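See structure below.
Since we're looking at a predicted model, the values are computed, not measured. Atom set for the values below is all heavy atoms of this structure, side chains included, hydrogens, waters and symmetry mates excluded. Here is how names work: the chains are called A, B, and so on, in the same order as the sequence lines, proteins then strands, and each is numbered from 1.
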Protein chains: 2
Amino acid sequence: MTSEPVATSSVSALAGTTFSGARQTAHEFVRSVLRSAILSGELAGGTRLVQAELASLLEVSTTPVREALRELASEGVVRFDPHRGAVVKELSGEEVHEIYAIREILEPVALRRAIPKLTEEVMDRLRGLHQKMTEVPHSAEWVDLNRSFHMTIYETAASPRLAAIIRSLEDSSVMYIGAFLKEVPGLRDDAIHDHGEILEALERRDGDAAAEAVVRHLGLAVKAFESRSAQTDES
Amino acid sequence: MTSEPVATSSVSALAGTTFSGARQTAHEFVRSVLRSAILSGELAGGTRLVQAELASLLEVSTTPVREALRELASEGVVRFDPHRGAVVKELSGEEVHEIYAIREILEPVALRRAIPKLTEEVMDRLRGLHQKMTEVPHSAEWVDLNRSFHMTIYETAASPRLAAIIRSLEDSSVMYIGAFLKEVPGLRDDAIHDHGEILEALERRDGDAAAEAVVRHLGLAVKAFESRSAQTDES
DNA sequence: GTCGCACAGATTGCATCCTATAACTAAATC
DNA sequence: GATTTAGTTATAGGATGCAATCTGTGCGAC
């Protein structure tokens with residue numbers, strides 16, 4: 001049980017995070033810590049998540065850890081096999097394509113549904129997020145702003161189920177390709193440009209244009225992923 | 001702590017089910033029992049699910065019960081608020097419409113994806129299910145066959161994510177409207193007719209026709225739901 | 001030398017006990 | 001009489017210890 005020489009990421013990256021208990025249950029705390037660690041790439045795909053280890057690291061008992069893992073498993077970010085433990089899920093290229101294909105179908109729908117419900121307040125929020133994204137560099141914060149931008153639109157569609165599905169797909173996307181989208185040079189600017197177009201289309205209440213922009217926006221990520229995975233062709 | 005006069009359904013309906021432990025973990029057992037009880041309508045929407053009660057009834061401890069409830073919560077069939085416990089979810093009419101709207105989008109997609117992958121073996125299975133559905137009356141078994149029929153198609157699409165989303169939407173549908181679809185007279189025959197059309201279209205590898213049939217098939221349920229909820233207009 | 005088997009270490013899963021939280025009830029104050 | 005506040009009870013959440021299960025390793029047989 002010495003640390004493996006081939007560096008798979010370890011949960012020890014989480015050391016130091018403590019549970020204040022303030023109005024949050026322990027399993028919620030564990031879940032949020034693991035979630036953000038996984039989505040940020042801190043915990044890479046394939047990392048084993050040993051309950052006892054996580055428990056002592058986060059200073060809770062194993063019970064809430066297991067509950068958190070169960071929830072993450074149904075969210076699809078970890079794999080949890082009976083008696084064998086949890087590992088951070090790693091998606092295949094096919095799955096990435098599948099996820100983006102579904103997103104390209106659902107996101108335009110959610111967007112069109114949102115348009116009639118757009119208030120000035122929501123538009124202001126979107127403009128604010130867009131503005132801020134032009135200011136901060138590509139970082140965890142930027143990724144978060146990006147997520148907020150899109151989800152704000154979809155949540156005003158007042159279709160909670162649809163929004164939840166999209167959110168989960170987006171999470172899976174970020175988990176898998178978020179890490180190396182950072183390395184694609186012009187991507188951030190392209191994304192900001194697309195957001196601008198989406199925003200403009202929303203101002204005009206033009207569903208077709210907005211939908212088209214979103215689909216192109218998604219295509220960007222897929223293309224970046226493809227060029228990257230072709231480059232890292234090592235199977 | 002007397003029983004309420006207004007008869008909300010009770011978990012006591014589950015009494016007698018025992019956990020053999022055979023190659024199944026306790027929480028999986030609890031989950032499957034609760035799932036089928038909820039989907040079958042045995043546990044109606046709004047029923048409180050008290051952990052201790054379920055635990056003693058199913059002869060397990062509260063820990064696996066909580067884990068099962070957590071999973072069911074992320075599946076969307078129960079609502080689980082911190083420190084307040086779980087209740088069987090009840091969907092509003094709007095949510096039902098939303099769910100069917102999403103299904104009408106995704107199911108044709110899954111179907112088209114399935115067509116190139118249809119083997120004779122799958123077709124045989126579908127024919128068998130279809131045949132059997134003409135034989136058994138509208139019952140829990142029939143509903144299950146129906147579910148199998150559709151999911152068999154979607155699972156051959158080799159899009160696990162898409163299939164999982166559809167399955168969860170279907171579960172929510174069944175949970176909510178399954179109970180009173182039974183009471184709509186011609187529905188079973190109409191459904192069987194639609195299945196015949198879908199099957200025929202699949203034989204011809206005709207995606208358009210199959211998709212059209214599926215959408216009409218879904219529309220059937222929505223229409224039945226609407227006429228029923230208009231009839232039971234008591235808000 | 002390879003395959004199979006058994007044992008040991010590691011890890012998950014569960015039961016029991018205890019604590020924390022929230023709903024409910026009743027009393028006290030305005 | 002209404003409203004707030006304190007106390008009570010029911011119930012969820014979590015910690016600990018133990019049992020069940022899996023995995024890897026070493027020994028023996030072929």
Basic-acidic side-chain contact under 4.0 Å: [X], [Y]:
| X | Y | answer |
| --- | --- | --- |
| B/Arg31 | B/Glu67 | no |
| A/Glu53 | A/Arg48 | no |
| A/Arg127 | A/Asp124 | yes |
| A/Arg35 | A/Glu75 | yes |

Spacing of [X] atom [atom1] relative to [N] atom [atom2], expressed in whole Å:
| X | N | atom1 | atom2 | value |
| --- | --- | --- | --- | --- |
| B/Arg31 | C/dG13 | CZ | P | 12 Å |
| A/Leu58 | D/dG13 | CG | C1' | 17 Å |
| A/Phe80 | D/dC22 | CZ | C1' | 14 Å |
| B/Gln51 | C/dC14 | CD | P | 15 Å |
| B/Asp81 | D/dA10 | CG | P | 22 Å |
| B/Glu59 | C/dC14 | CD | C1' | 15 Å |
| B/Glu28 | D/dT21 | CD | P | 12 Å |
| A/Glu53 | C/dG9 | CD | P | 20 Å |

What pairs with B/Thr156 under side chain to side chain donor-acceptor pair (under 3.5 Å), at least two apart in sequence or on another chain? none
A/Ser74: which residues meet the side chain to side chain donor-acceptor pair (under 3.5 Å) condition with it, sequence neighbours left out? B/Ser74
Looking only at C/dC14, D/dG14, D/dA15, the nucleotide nearest the A/His27 side chain is D/dG14
Among the candidates C/dG13, D/dG14, C/dT12, find the nucleotide nearest to the side-chain atoms of A/Ala26. D/dG14
Tell me whether the OP1 or OP2 atom of C/dA15 has a side-chain N or O from B/Ser61 closer than 4.0 Å. yes
Along DNA chain D (nearest heavy atom to each residue), the more 5'-positioned of B/Ala52 and B/Thr63: B/Ala52
Sequence-distant partners of A/Glu170, salt bridge (charged side-chain N to carboxylate O under 4.0 Å, His left out), two or more places apart: A/Arg103
Here the salt bridge (charged side-chain N to carboxylate O under 4.0 Å, His left out) pairs for residues 84-96 of chain A, sequence neighbours left out, are none
Taking only nitrogen or oxygen atoms into account, show me every contact under 3.5 Å that the protein makes with nucleotides 23-25 of chain C, one pair per line with its distance.
{"from": "C/dA23", "atom 1": "OP1", "to": "B/Arg84", "atom 2": "NE", "distance (Å)": "2.9"}

Give, ordered by number, those residues of residues 65-77 of chain B having at least one heavy-atom distance below 4.0 Å to an atom of DNA chain D; if nothing qualifies, reply none. B/Arg66, B/Arg70
Heavy-atom pair with the smallest gap, counting every atom of A/Trp142 and A/Met133: NE1-O, 3.1 Å
